[in-house]
*Asks:* 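Starting off with a structure, shown below.
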Amino acid sequence: MIYYVGSFLLIALGLYAVIIKKNLIKILIGLDLIASGVNLLIISIGYVKGGTAPIFSRAGLKASMMVDPIPQALTLTAIVIDASEMALAVAFVVLLYKYYGTLDIKKIRSLKW
Amino acid sequence: MVRKVVYSIFLAIIVLALAMFFAAYPFGKNKMTVGEYYLNHGVAQTGAANIVTSVVLDYRGFDTLGEVSVLFAAAAGVAILFFLAGGTKREQEDLTKPNFVVRVGSRIIFPFILLFGSYIFIHGHLTPGGGFQGGSIIASGFLLLYLSYPGTRTNRDGLSIIEGLAGLTFVVLGLIGLFLPQYSFLYNFLPKGILNTIVSAGILPIIYIAIGFKVASEFAGIVDDMMCQVICRGGGK
């Protein structure tokens, strides 16, 4: 239960940073917070009360004692994809800073909408 | 100020909607039918002790191929962006020299990081871990090297060759399945072996090792591009 609350908080904090903050780096941190929150949420959906990791590492482990493997498999790749997308986003921010000399999205004119 | 209040209300509505949706899915409830099926039949069908690995590489192997392509696209995007930006580069100042402890410590710990990373991806079908995690660990070792010796440059051509070969291994192993009587992409054609030994689960460990090399070289390339923005003089490449 606390995991649900924590992931909602992470998602809300990330959305807040994305919407309110003016600094591009802070917006990226907000995006990463949203990603962490979503990962935590997916993992905690798959939890089964009293369950253990879905690995048949020793004899005597039965499938009924294990948590759902699919959310973990989805999150596994999502983390790496998230890291690489953040690298791409940081590359964009570096370029923006080079062209405009600022990270403030109010001052970067062509980002206005 | 008004803006902040409006957006706070907006956020509260989003969180409330999420909470209402998840009230129907209580925490720690029983698993889905699909997960149940994978747990019951995974060992017999794939031979891997780690069910997460058999989901990632066997049941959803095609999906993972897509994820690896996304990773490649992101790494290529970083390289292209920095290459395009090469023209407007200003003269960069030198970084502060890392101190003695960092330099010697990273030299001692670097081979162990490589060893740990390869352990993680070689044992991907037996223990928690796998190609993605092991590759990230190895790339973090490269990052440590860059931070402690700012002059380091990796051999980019070597990294590209490793990355290409690893990707090719994944695709070719998948294509072999198409020429077998079972006629399916990424068919597990090698013998399953004994459960919980290192040579088991057919093609899964080979694919995970390939993914490990691919992720490691891609992340090392990204780190190289990023560090080059700080250190290199006169353009990326």
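Numbers restart at 1 for each chain; the letters A, B, ... are given by sequence-line order, proteins then strands. The figures here come from the full heavy-atom set of this structure, side chains too, leaving out hydrogens, waters and symmetry mates. If you're wondering where the values come from, they're calculated on a predicted model, not measured in any experiment.
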*Asks:* What I'd like to find out is whether the side chain of A:Asp68 reaches to under 4.5 Å of the side chain of B:Tyr38, using heavy atoms alone.
*Replies:* no
*Asks:* Using heavy-atom distances under 4.5 Å, tell me whether B:Thr127 contacts chain A through its side chain, its backbone, both, or neither.
*Replies:*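 Looking at B:Thr127, just its backbone touches chain A.
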*Asks:* At a heavy-atom separation under 4.5 Å, does A:Val94 approach chain B through its side chain, its backbone, both, or neither?
*Replies:* side chain
*Asks:* Side chains of B:Phe219 and A:Ser84: does their closest heavy-atom pair fall under 4.5 Å?
*Replies:*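 The answer is yes, as the side chains (C-beta and beyond) meet within the 4.5 Å cut-off.
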*Asks:* Going by residue number, which parts of residues 9-19 of chain B are within reach of chain A, meaning a heavy-atom gap below 4.5 Å?
*Replies:* B:Phe10, B:Leu11, B:Ile14, B:Val15, B:Leu18, B:Ala19
*Asks:* Under 4.5 Å from any heavy atom of chain A, what part of B:Val34 do you find: side chain, backbone, both or neither?
*Replies:* both
*Asks:* Looking at every non-hydrogen atom in both residues, tell me the closest pair between B:Ile222 and A:Ala87 and how far apart they are.
*Replies:* CG2-CB, 3.6 Å
*Asks:* If you define the side chain from C-beta out and look only at heavy atoms, does anything of B:Val70 sit under 4.5 Å from A:Glu85?
*Replies:*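 Yes, close enough: below the 4.5 Å cut-off.
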*Asks:* State whether the number of non-hydrogen atoms from other residues, nucleotides or ligands found under 6.0 Å of B:Phe170 atom CZ is greater than 12.
*Replies:* yes
*Asks:* Is it the side chain or the backbone of A:Tyr3 that comes within 4.5 Å of chain B heavy atoms, both, or neither?
*Replies:* side chain
*Asks:* How far apart are the closest heavy atoms of A:Ala91 and B:Leu81, and which atoms are they?
*Replies:*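 Shortest heavy-atom separation between A:Ala91 and B:Leu81 comes out as CB-CD1, 3.9 Å.
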*Asks:* Tell me whether the count of non-hydrogen atoms from other residues, nucleotides or ligands lying under 6.0 Å of NZ in B:Lys4 goes above 12.
*Replies:* no
*Asks:* With a 4.5 angstrom heavy-atom cut-off, which part of A:Leu41 approaches chain B: side chain, backbone, both or neither?
*Replies:* side chain
*Asks:* Which heavy-atom pair separates B:Leu39 from A:Pro69 by the least distance, and what is that distance?
*Replies:* CG-CD, 4.0 Å
*Asks:* Check the pair B:Ile51, A:Ile55 against side chain to side chain contact (heavy atoms under 4.5 Å, CB included), reporting the backbone distance first and the verdict last.
*Replies:* CA-CA 6 Å; B:Ile51 301 297; A:Ile55 301 172; over 6 Å; no
*Asks:* Taking all heavy atoms of A:Ala73 and all of B:Val55, pick out the closest pair and write down the distance.
*Replies:* CB-CG1, 3.6 Å
*Asks:* About how many Å separate CD1 of A:Ile20 and OG of B:Ser8, when rounded to the nearest 0.5 Å?
*Replies:* 6.0 Å
*Asks:* Given the options B:Phe132, B:Tyr59, B:Phe22, which has more heavy-atom pairs under 4.5 Å with chain A than any of the others?
*Replies:*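 Between B:Phe132, B:Tyr59, B:Phe22, the count favours B:Phe22.
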*Asks:* Determine, step by step, whether A:Leu76 and B:Gln133 satisfy the side chain to side chain contact (heavy atoms under 4.5 Å, CB included) criterion, reporting the C-alpha distance in whole Å, the side-chain angles of both residues, the deciding distance to 0.1 Å, and the verdict.
*Replies:* CA-CA 8 Å; A:Leu76 176 72; B:Gln133 299 93 317; 2.7 Å; yes
*Asks:* Examine whether an atom of A:Ile19 lies under 4.5 Å from a heavy atom of chain B, and if so say whether it belongs to the side chain, the backbone or both; otherwise answer neither.
*Replies:* both
*Asks:* Using non-hydrogen atoms and a 4.5 Å limit, figure out which bit of A:Leu74 sits close to chain B: side chain, backbone, both or neither.
*Replies:*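 Contact with chain B involves the side chain of A:Leu74 alone.
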